[in-house]
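Okay, structure first, notes after.
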Amino acid sequence: MVIAIYPGSFDPITLGHLDIIERGGMLFERVIVAVLCNTSKKPVFSVEKRVEQIRECTQHLLNVEVDSFTGLTVEYAKLHKAGVLLRGLRVLSDFEKELQMAHTNKTLSEAIETVFLATTTEYSFLSSSTVKEIAQFGGEISHLVPENVARDLYVYYSKPNQ
Ligand code: PNS
């Protein structure tokens, strides 16, 4: 049984992430979506909120779990007996960072493989930061993020000084 970890910031989850989760769920017995508690970035949503958002939009996927973690991804993977780190590749500019991460993780744990899935074409240029920028100016985001996330973003940006 191969368990895959899908690590990320997910601030917030987009339809591009969801596409990777759904396809990962078809390839692996279990997929654990792991939200990084990263104190160096100033997120829009708390880690708890992001976990809740992802749980809500993945509830139809029976082999998908959602969790949060601190520290190294490979250590979290080992703890959960996962053999694979799942990542999506959108455009060429992702490649350098992703390859560097994959190589670094390989030096930290030889047994854990990084598997890349090419993002579905329609989500190739989609990122959490683009979605936040559109939402900030009241633009349409319902075709870019799950419904519950679109609601949360509109609420967030409807408050002053965000
Ligand atoms: O969604 P992101 O921000 O591109 O995800 C990046 C993430 C969380 C996968 C990466 O920053 C990560 O794995 N951080 C945990 C710390 C770690 O393991 N570092 C070593 C690998 S570079």
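Residue numbers start at 1 and run along the sequence shown. These numbers come from the heavy atoms of this one structure, side chains and all, not from hydrogens, waters or symmetry mates.
- Among all heavy-atom pairs drawn from L85 and A77, the shortest one is CD2-CB, 4.1 Å.
- Note: H17 and F10 have perpendicular aromatic rings, judged against thresholds of 30 and 60 degrees for the angle between ring planes.
- Under the 4.5 Å side-chain contact rule for hydrophobic residues, F116 and F95 share a cluster.
- When side chains are defined from C-beta on, C57 counts as touching N148, because their heavy atoms get closer than 4.5 Å.
- Atoms CD1 and CG, from I21 and L117 in turn, are 11.5 Å apart once rounded to the nearest 0.5 Å.
- Contact annotation: the side chain of L99 approaches that of H103 to within less than 4.5 Å [non-hydrogen atoms, C-beta and beyond].
- Residues P146 and L18 meet the side-chain proximity criterion, which asks for heavy atoms closer than 4.5 Å.
- Here CZ of R23 is found 4.0 Å from OG1 of T120. Values are rounded to the nearest 0.5 Å.
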Quiz item: Given Q53 and K49, is the side chain to side chain contact (heavy atoms under 4.5 Å, CB included) satisfied, shown in steps?
Solution: CA-CA 6 Å; Q53 288 169 334; K49 183 69 188 172; 4.0 Å; yes
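- The shortest side-chain heavy-atom distance between F45 and D152 falls under the 4.5 Å cut-off.
- Within the 4.5 Å cutoff, no side-chain heavy atoms of L79 are placed close to those of F69.
- In this structure, CD1 in I5 is found 5.0 Å from OH in Y76, a value given to the nearest 0.5 Å.
- Not a single donor-acceptor pair under 3.5 Å links the side chain of R50 to the backbone N or O of V44.
- Remark: E56 pairs with no residue by the side chain to side chain donor-acceptor pair (under 3.5 Å) rule, at least two apart or across chains.
- In this structure, CG in L89 is found 8.5 Å from CD1 in I20, a value given to the nearest 0.5 Å.
- With a 6.0 Å radius and a threshold of 12 heavy atoms from other residues, nucleotides or ligands, Y154 has its OH atom above the threshold.
- Checking H143 against E122 by side-chain atom types alone, no donor-acceptor pair falls below 3.5 Å.
- Put simply, the residue from D11, I54, D67, I13 that forms a side-chain contact (heavy atoms from CB on, under 4.5 Å) with V35 is I54.
- There is no path of hydrophobic side-chain contacts, each under 4.5 Å, that joins V47 to L36.
- No continuous path of hydrophobic side-chain contacts links V2 to I112 [ILVMFWY only; heavy atoms under 4.5 Å].
- When the shell of 6.0 Å around CD of Q136 is examined, it contains more than 12 heavy atoms from other residues, nucleotides or ligands.
- The OG1 atom of T73 sits 7.5 Å away from the CE atom of M101 when rounded to the nearest 0.5 Å.
- Minimum interatomic distance between L86 and G24 (heavy atoms only, all atoms of both residues): CD2-CA, 3.9 Å.
- Applying the 6.0 Å contact sphere to CD of E29 captures more than 12 heavy atoms from other residues, nucleotides or ligands.
- Annotation for Y157 and A135: closest pair CD1-CB, 3.7 Å, computed over non-hydrogen atoms.
- Nearest heavy-atom pair, A150 versus I141, reported as atom, atom and distance to 0.1 Å: CA-CD1, 3.8 Å.
- The closest donor-acceptor contact from the side chain of S127 to the backbone of T130 lies under 3.5 Å.
- Residues E22 and L61 form a side-chain contact, since some pair of their non-hydrogen atoms from C-beta on lies under 4.5 Å apart.
- Looking only at side-chain heavy atoms (C-beta outward), L153 and K132 come within less than 4.5 Å of each other.
- Connection of Y6 to I3 is not established within any shared hydrophobic cluster, with ILVMFWY side chains joined at heavy-atom distances below 4.5 Å, either directly or through further cluster members.
- Scanning all heavy atoms of the two residues, the minimum distance from S68 to C37 falls at CB-SG, 4.1 Å.
- Once rounded to the nearest 0.5 Å, the distance linking CD1 of I32 with NZ of K81 reads 11.0 Å.
- For the residue pair V84 and V115, the shortest heavy atom distance occurs at CG1-CG2, 3.7 Å.
- Here the side chains of E52 and R55 are not in contact, with every heavy-atom distance at 4.5 Å or above.
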